[in-house]
2 protein chains.
Amino acid sequence: MTTDVADAWTALADPTRREIFARVARRPRSVTDLAGELPVSRPAVSQHLRVLKDAALVRVRAEGTRRIYSADPAGLQVLRAELEGFWSATLANFKELVEGEPEDRSTT
Amino acid sequence: MTTDVADAWTALADPTRREIFARVARRPRSVTDLAGELPVSRPAVSQHLRVLKDAALVRVRAEGTRRIYSADPAGLQVLRAELEGFWSATLANFKELVEGEPEDRSTT
DNA sequence: CCCTTCCGTAAGCAGTAACTTACGCTTTGT
DNA sequence: ACAAAGCGTAAGTTACTGCTTACGGAAGGG
């Protein structure tokens with residue numbers, strides 16, 4: 001439950017799960033609603049939501065017998081952070097390739 | 001070869017592949033170099049690089065018999081775009097939850 | 001109370017993905 | 001021309017993952 005970054009990557013890697021997350025991000029929904037919109041069974045959705053929840057990408061709120069899932073900024077934040085790291089490293093590197101101007105040789 | 005977004009997600013989902021990409025992003029390397037730094041065989045690295053290349057996340061440049069791989073901004077860009085979409089949707093949604101102020105009911 | 005709705009979990013199955021070893025091709029150096 | 005270095009691909013194995021059906025429990029309505 002340690003909000004692992006790796007979990008967030010693998011969680012959003014699956015197309016169905018990414019679609020579920022996208023919908024929930026636009027507007028919170030119940031499990032049955034999601035299952036009605038997608039070409040998979042309700043238990044499948046439930047299992048996907050469990051993975052997303054373990055990655056801190058979604059939250060649950062009980063509403064009667066229904067469970068309303070909504071997107072959680074926490075999980076996305078760590079993903080964004082790592083992606084931005086990749087981005088800056090890639091750009092810096094790319095500049096050297098184009099300009100032919102290596103500047104920092106101390107990096108690993 | 002259509003720079004599919006899905007490919008980028010699944011490409012970075014694997015830990016080993018993400019590690020390879022991170023290293024290449026910091027500084028371009030050869031296949032053998034990468035294999036020497038990682039706990040997998042050289043063919044395994046080669047296969048991972050192929051996946052990364054199909055997702056437009058890396059580029060190759062021949063240098064003698066060596067193939068120097070470097071990070072490619074193209075693949076990362078599409079990932080960043082989709083992630084930012086998730087991010088804004090999540091934040092807008094999260095605000096409603098906190099402030100209790102739904103404003104746009106037309107969204108799906 | 002019953003009955004219905006909504007949900008999570010267990011069990012089982014089929015497809016895929018990551019790894020290894022083995023092989024062949026290309027480029028460089030002597 | 002030959003040997004060595006560096007890569008990519010093929011083939012095969014193992015482990016995981018996403019799906020289904022089946023079941024059981026918790027929350028509202030008559």
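Numbers restart at 1 for each chain; the letters A, B, ... are given by sequence-line order, proteins then strands.
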Distance check needed: C:dT5 P versus A:Asp33 CG, whole Å only. 15 Å
Tell me whether A:Asn93 contacts the main-chain N or O of B:Ala25 through its side chain, where contact means a donor paired with an acceptor under 3.5 Å. yes
The residue, B:Ser30 or A:Ala44, whose nearest nucleotide of DNA chain D is more 5′ is B:Ser30
Among C:dA18, C:dG8, C:dT20, find the nucleotide with the atom closest to the side chain of B:His48. C:dA18
What is the nucleic acid contact for B:Arg42, judged by heavy atoms within less than 4.0 Å: base, sugar-phosphate only, or nothing? base
In whole angstroms, the gap separating C1' of D:dA4 from CZ of B:Arg66 amounts to 15 Å
In whole angstrom, what separates B:Gln47's CD from C:dT16's P? 17 Å
Side-chain N or O of A:Ser41 versus OP1/OP2 of D:dT20: is the shortest distance under 4.0 Å? yes
Between B:Trp9 and B:Glu82, does the side-chain hydrogen bond (donor to acceptor under 3.5 Å, both in side chains) criterion hold? Intermediate values first, please. CA-CA 10 Å; B:Trp9 280 108; B:Glu82 190 168 12; 2.9 Å; yes
Please determine whether a side-chain nitrogen or oxygen atom of B:Thr65 lies at a distance below 4.0 Å from atom OP1 or OP2 of C:dT27. no
Would you say that A:Tyr69 contacts A:Arg29 through its side chain, given a criterion of any heavy-atom pair below 4.5 Å between the two side chains? no
To the nearest Å, how far apart are B:Arg50 CZ and C:dA18 P? 13 Å
Between P on C:dA17 and CD1 on B:Ile20, what's the gap in Å once rounded to a whole number? 16 Å
Side-chain N,O (B:Ser46) to OP1/OP2 (D:dT9) below 4.0 Å: no
Taking only the side-chain nitrogens and oxygens of B:Arg17, find out if one of them lies under 4.0 Å from OP1 or OP2 of C:dA18. yes
Rounded to whole angstroms, how far apart are CZ on A:Arg67 and P on D:dG25? 16 Å
To the nearest angstrom, how far is A:Asp54 atom CG from D:dG18 atom P? 13 Å
Below 4.0 Å: OP1/OP2 of D:dG6 and any side-chain N or O of B:Tyr69: no
Tell me whether B:Arg23 is salt-bridged to B:Glu19, with the criterion being a basic N under 4.0 Å from an acidic carboxylate O. yes
Whole-Å distance between D:dG18 C1' and A:Leu49 CG? 14 Å
What pair of heavy atoms forms the shortest contact from A:Ser88 to A:Gly85, and how long is it? OG-O, 3.1 Å
Any A:Thr16 side-chain N or O less than 4.0 Å from OP1/OP2 of D:dG18: no
B:Pro43 side-chain proximity, nearest of C:dT20, D:dG6, C:dA18: C:dT20
